[in-house]
Amino acid sequence: MKPVLPVDIDKIFIQSLFTKKEKEQHGLTIDVLRLDVMHPVISGNKYFKLVPWLEQAVRQQATHIGTFGGAYSNHLVATANACHHLQIPFTGIIRGEEPASLSPALQDAVSYGMKMVFVSRSTYRDKEKIRQQFPAIFWIDEGGYGQPGAAGAAGMLACVPDAAHYTHIICAVGTGTMMAGLLNAAAPTQEVIGISVMKNNFSLENNIRQLLAPVLQHRKINLIHSFHFGGYAKHPPALLAYMNKVWEKYDLPLDIVYTGKAFYALEQLIEKNYFPTNSRLLFIHSGGLQGNRSLPPHTLQF
Ligand SMILES: *Cc1c(COP(=O)(O)O)cnc(C)c1O
């Protein structure tokens with residue numbers, strides 16, 4: 001049975017960014033897969049990664065779902081929202097001590113009925129032990145990482161009318177689940193480029209490889225680590241100004257944690273002539289815009 005979520009897949013569209021003149025000037029095209037428009041909370045990659053996990057939960061007649069995340073986790077909010085719709089009780093294991101005031105993300109998740117369990121950073125690391133303390137809960141891995149998440153993310157390319165036509169696919173990388181799914185779904189000749197949004201997260205390559213299909217085990221995993229802007233969820237003024245500029249130029253709203261950094265990286269790669277002439281680029285807008293609400297009002301123009 002497919003879990004029924006109120007997302008609107010039909011809204012997903014491809015946005016072509018370059019004018020004819022820009023195409024000629026750069027010798028390439030950029031199309032953006034706008035997954036951000038399908039739902040305000042379960043948007044983009046969170047939906048695709050969650051569906052197979054939730055299918056499993058429903059198949060196993062789970063009476064309670066749990067997952068893990070930090071105070072700014074889109075994954076916690078999306079899972080809380082999905083469980084709310086499925087009317088399955090949900091517990092979030094949250095890294096760190098309970099703060100005096102909840103982050104916007106946690107406030108949202110609680111409004112969808114999430115029960116919060118705060119654990120110290122050292123306890124959080126031993127997830128197996130936490131799971132054992134709640135044997136009745138159906139657990140989804142942190143960030144939706146795992147085979148189900150990657151299988152779901154592979155479905156993103158099925159939303160692209162002419163996916164085989166692109167030479168490069170560019171996406172933001174957190175846990176690497178989405179990138180693994182894209183690599184599994186991409187043609188062998190397509191280059192998938194992942195922009196890591198964390199600082200020095202060098203375990204990523206191995207984590208991604210673990211989710212690749214056996215025949216792809218030797219495939220190159222192209223990760224770029226130099227566009228984290230100071231670290232996970234860090235958003236210096238230069239990044240915010242850049243996001244406003246992209247909005248003005250392309251009507252493309254980006255988020256501070258993932259797509260803002262990935263799109264910046266893409267423009268830098270173009271600037272440095274990384275892409276051969278006549279490349280056709282597909283940028284995955286993986287959603288996450290609700291994270292921008294943690295900014296002071298009017299920081300962003302959208
Ligand atoms: C969670 C998230 C990602 C990261 O996905 P992973 O599969 O964990 O790498 C990228 N973009 C957005 C908008 C996200 O919310």
Side-chain angles (χ1 to χ4, degrees), residues 7 12 32-53 67-82 103-105 108-109 140-157 169-185 192-198 201-212 221-225 227-229 232-233 235 239 243 252-266 282-294:
V7 301
I12 295 172
V32 180
L33 177 60
R34 293 289 303 272
L35 299 173
D36 54 304
V37 291
M38 55 195 282
H39 189 275
V41 178
I42 323 176
S43 69
N45 92 351
K46 297 296 175 280
Y47 167 79
F48 284 92
K49 289 194 291 185
L50 272 175
V51 165
W53 281 108
T67 193
F68 305 83
Y72 295 93
S73 166
N74 290 346
H75 167 69
L76 274 184
V77 188
T79 314
N81 190 287
S103 67
D108 287 348
I140 297 174
D141 285 10
E142 181 178 29
Y145 177 83
Q147 293 294 350
M156 288 177 179
L157 287 189
I169 300 169
I170 300 97
C171 70
V173 175
T175 63
T177 313
M178 168 168 60
M179 184 172 180
L182 292 171
L183 278 161
N184 284 335
V192 180
I193 304 172
I195 313 301
S196 172
V197 300
M198 287 175 220
N201 185 10
F202 300 124
S203 53
L204 263 181
E205 177 163 351
N206 187 41
N207 295 347
I208 291 171
R209 198 168 295 286
Q210 284 185 27
L211 302 182
L212 292 188
I221 296 176
N222 194 350
L223 282 164
I224 299 182
H225 294 277
F227 295 99
H228 53 71
F229 282 83
Y232 182 70
H235 46 273
L239 177 65
M243 287 164 57
L252 183 64
L254 300 169
D255 83 284
I256 53 177
V257 182
Y258 292 104
T259 54
K261 296 177 184 182
F263 195 78
Y264 179 85
L266 171 61
L282 180 67
F283 179 82
I284 310 289
H285 192 319
S286 38
L289 295 175
Q290 78 278 8
N292 291 348
R293 287 191 301 127
S294 66

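Both backbone and side-chain heavy atoms feed into the values below; hydrogens, waters and symmetry mates do not. Note that ligands are numbered from 1 as they come in the structure, with each ligand's atoms numbered from 1 the same way. Worth saying up front: this structure is predicted, and the values here are computed from it rather than measured.
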Donor-acceptor list for residues 42-52 side chains, cut-off 3.5 Å, not counting sequence neighbours:
unit_1: S43; atom_1: OG; unit_2: G288; atom_2: N; d: 3.2
unit_1: K49; atom_1: NZ; unit_2: G143; atom_2: O; d: 2.9

Legend entry - Contact with ligand 1 for G44, non-hydrogen, under 4.0 angstrom: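 No, G44 has no heavy atom closer than 4.0 Å to ligand 1.
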
Legend entry - Interatomic distance, F283 atom CZ to C171 atom SG [nearest 0.5 angstrom]: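 Reported to 0.5 Å precision, the distance equals 8.5 Å.
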
Inset, instruction - Drop me the distance from I208's CD1 to T177's OG1, to the nearest 0.5 angstrom. - result: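 The OG1 atom of T177 is 8.5 Å from CD1 of I208, to the nearest 0.5 Å.
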
Mode of [X] contact toward ligand 1 - side chain, backbone, both, neither (heavy atoms, under 4.0 Å):
{"X": "N45", "result": "side chain"}
{"X": "K49", "result": "side chain"}
{"X": "N74", "result": "side chain"}

Inset, instruction - Ignoring angles and geometry beyond distance, decide whether G143 reaches within less than 3.5 Å of ligand 1 through its nitrogen or oxygen atoms. - result: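 No, since none of the N or O atoms of G143 sits under 3.5 Å from an N or O of ligand 1.
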
Inset, instruction - Look only at interatomic distance and state if G176 has a nitrogen or oxygen under 3.5 Å from any nitrogen or oxygen of ligand 1. - result: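 Yes, since at least one N or O of G176 sits under 3.5 Å from an N or O of ligand 1.
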
[atom]: which protein heavy atom is closest, and how many Å away?
{"atom": "atom 11 (N) of ligand 1", "value": "S286 OG, 2.7 Å"}
{"atom": "atom 15 (O) of ligand 1", "value": "K46 NZ, 2.7 Å"}
{"atom": "atom 8 (O) of ligand 1", "value": "T175 OG1, 2.6 Å"}
{"atom": "atom 13 (C) of ligand 1", "value": "G287 O, 3.1 Å"}
{"atom": "atom 10 (C) of ligand 1", "value": "Y258 CD2, 3.3 Å"}

Legend entry - Distance filter under 4.0 Å to V173 heavy atoms, resulting ligand 1 atoms: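 Those qualifying, in numeric order: 9 (O).
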
Legend entry - Subset of ligand 1 atoms that lie under 4.0 Å from at least one heavy atom of G288: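 Numbered from 1, ligand 1 contributes 13 (C).
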
Do [X] and [Y] come close enough that some side-chain heavy atom pair is under 4.5 Å?
{"X": "Y72", "Y": "V257", "result": "no"}
{"X": "I221", "Y": "L212", "result": "yes"}
{"X": "H285", "Y": "V37", "result": "no"}
{"X": "N74", "Y": "Y258", "result": "yes"}
{"X": "N292", "Y": "M243", "result": "yes"}

Inset, instruction - Using distance alone, with no hydrogens and no angle criterion, decide if N201 and S203 have a side-chain donor and acceptor under 3.5 Å apart. - result: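 On atom types as modelled, these side chains qualify, holding a pair under 3.5 Å.
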
